[in-house]
Amino acid sequence: MGRETRARIDLAALQHNFTVAAGQVPNARVMAVVKADGYGHGIEAVAGALAGHAERFAVACIEEAQRVRKAGIAQPVVLLQGFHQAADIATCSKLQLEPVVHSDQQLNALSSAPPDRPLRIWLKINTGMNRLGFSPSVADQVIASAKSVPNVTLAGLVTHYACADDRNDDFSLHQHDTLAALSSRYPELEVSAANSAAHFRDELQPFDWTRPGIMLYGATPMIGQSARELGLKPAMSLESVITTTRALKAGESVGYGASWRAERDTLMGIVCIGYGDGYPRHAPSGTPVWINGQRTTTIGRVSMDMLAVDLTGVGDAKVGDTVELWGANIPVDEVAAHAGTIGYELLTGVTSRVPRIYNAV
Ligand SMILES: Cc1ncc(COP(=O)(O)O)c(C=O)c1O
């Protein structure tokens with residue numbers, strides 16, 4: 001039977017969230033971002049569940065794109081960081097992958113060894129994120145160079161917002177306007193800027209293609225607004241079971257560092273999940289969990305393979321009962337807030353030790 005720690009993946013929730021995203025941008029098209037193993041949900045299953053919905057997929061690197069292709073997905077796949085080796089250019093054209101070209105090195109590699117089959121590429125414009133991309137001041141020149149490479153079609157321009165998760169920011173507008181001004185001179189090029197957060201910012205037009213990631217998985221992209229308030233459904237439920245219980249006397253401690261001490265007699269349960277599974281070690285005592293229809297909390301430090309919870313007053317909690325660490329009842333974003341991080345990190349951090357169990361759709 002095994003350890004009974006699992007991530008249940010609700011593919012119908014994923015499809016629901018995609019439909020929400022697509023409904024928000026009726027005049028644009030949506031490429032589903034499935035990098036980092038489909039944000040921890042399993043790239044093959046996620047791409048498969050969205051194959052009938054999304055016209056394009058986006059991943060970080062060629063290895064992820066190859067997994068999408070092996071899963072039999074036919075849609076074009078955008079490589080958000082392009083290729084890292086010149087030798088990968090041929091793989092891109094063979095597998096119909098569309099690299100985002102963001103640096104002189106990549107452009108030079110293309111120009112000096114053009115692909116022998118057609119290749120569509122995108123150019124990344126740095127509008128303020130200052131990680132990757134060409135400055136708008138050299139964009140005309142770069143666009144001309146890209147267009148001159150044999151067998152290469154320049155599909156469009158992309159940029160990435162730095163602060164769209166904050167409804168009070170105006171930096172995104174500056175980024176948006178910079179891209180809009182540039183792209184207005186190239187009506188033949190498609191344009192893509194919006195991440196999930198920009199889907200919820202009416203003042204940011206979606207251009208031709210949006211690129212939502214986190215919202216598809218049912219976690220919030222916005223500061224101060226829950227996924228539920230945004231109409232999103234969690235796609236992952238991280239579950240384990242109680243493996244043992246112990247009656248602690250007031251004053252007794254639990255776990256490494258004896259960092260938590262019982263203020264009153266406490267019924268404690270040990271749950272078979274820890275940071276070796278991707279549950280955050282930074283989650284302090286008091287982080288919520290869901291057992292038998294009730295909220296309770298973790299106590300003490302998270303260990304590699306287990307953690308402790310307070311079962312005092314939790315119905316008839318006993319060995320074998322299911323514990324939801326996050327999912328429909330405990331939003332991943334709430335656990336993330338306790339652990340001082342974001343839902344993205346928790347979802348992508350669930351380790352390979354945890355089997356993903358998929359519902360049928
Ligand atoms: C270039 C790019 N586009 C889109 C996304 C999707 O962002 P989000 O998950 O916030 O929707 C990411 C994610 O990091 C990204 O790096």
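Note that ligands are numbered from 1 as they come in the structure, with each ligand's atoms numbered from 1 the same way. Positions are given from 1, in the same order as the sequence printed here.
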Does the N or O separation between Val33 and ligand 1 drop below 3.5 Å for any pair? no
Region of [X] that comes within reach of ligand 1 [heavy atoms, distance under 4.0 Å]:
X	answer
Ser196	both
Arg211	both
Met215	neither

Pairing donors with acceptors under 3.5 angstrom, does anything connect the side chains of Thr210 and His199?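 Per modelled atom types, Thr210 and His199 side chains form a pair under 3.5 Å.
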Flag yes if more than 12 heavy atoms outside Glu229 fall under 6.0 Å of its CD atom; otherwise flag no. yes
Cluster question for you: counting only ILVMFWY and a side-chain heavy-atom cut-off of under 4.5 Å, with indirect links fine, are Leu173 and Leu157 together?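 As far as the 4.5 Å side-chain criterion goes, Leu157 and Leu173 are connected within one cluster.
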Minimum-distance protein heavy atom relative to [atom]:
atom	answer
atom 10 (O) of ligand 1	Tyr344 OH, 2.6 Å
atom 13 (C) of ligand 1	Lys35 NZ, 3.0 Å
atom 2 (C) of ligand 1	His160 CE1, 3.3 Å
atom 7 (O) of ligand 1	Asn195 CB, 3.6 Å

Which atoms of ligand 1 have any heavy atom of Tyr39 under 4.0 Å away?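 Those atoms are 6 (C), 7 (O), 8 (P), 9 (O), 13 (C).
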Which of the atoms of ligand 1 are close to Pro212, meaning less than 4.0 Å from one of its heavy atoms?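 Listed by number with element: 11 (O).
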Please determine whether side chain to side chain contact (heavy atoms under 4.5 Å, CB included) holds for the pair Ile125 and Val158, giving the CA-CA distance in whole Å, both sets of side-chain angles, and the decisive distance to 0.1 Å. CA-CA 6 Å; Ile125 306 299; Val158 303; over 6 Å; no
Would you confirm whether Ser285, through its side chain, and Thr298, through its main-chain N or O, come within 3.5 Å as a donor-acceptor pair?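 No, because the side chain of Ser285 does not come within donor-acceptor range (under 3.5 Å) of the backbone of Thr298.
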Backbone of Ala51 reached by a side-chain donor or acceptor of Gln75 within 3.5 Å: yes
Aromatic ring centroids of His176 and Phe207 under 6.0 Å? yes
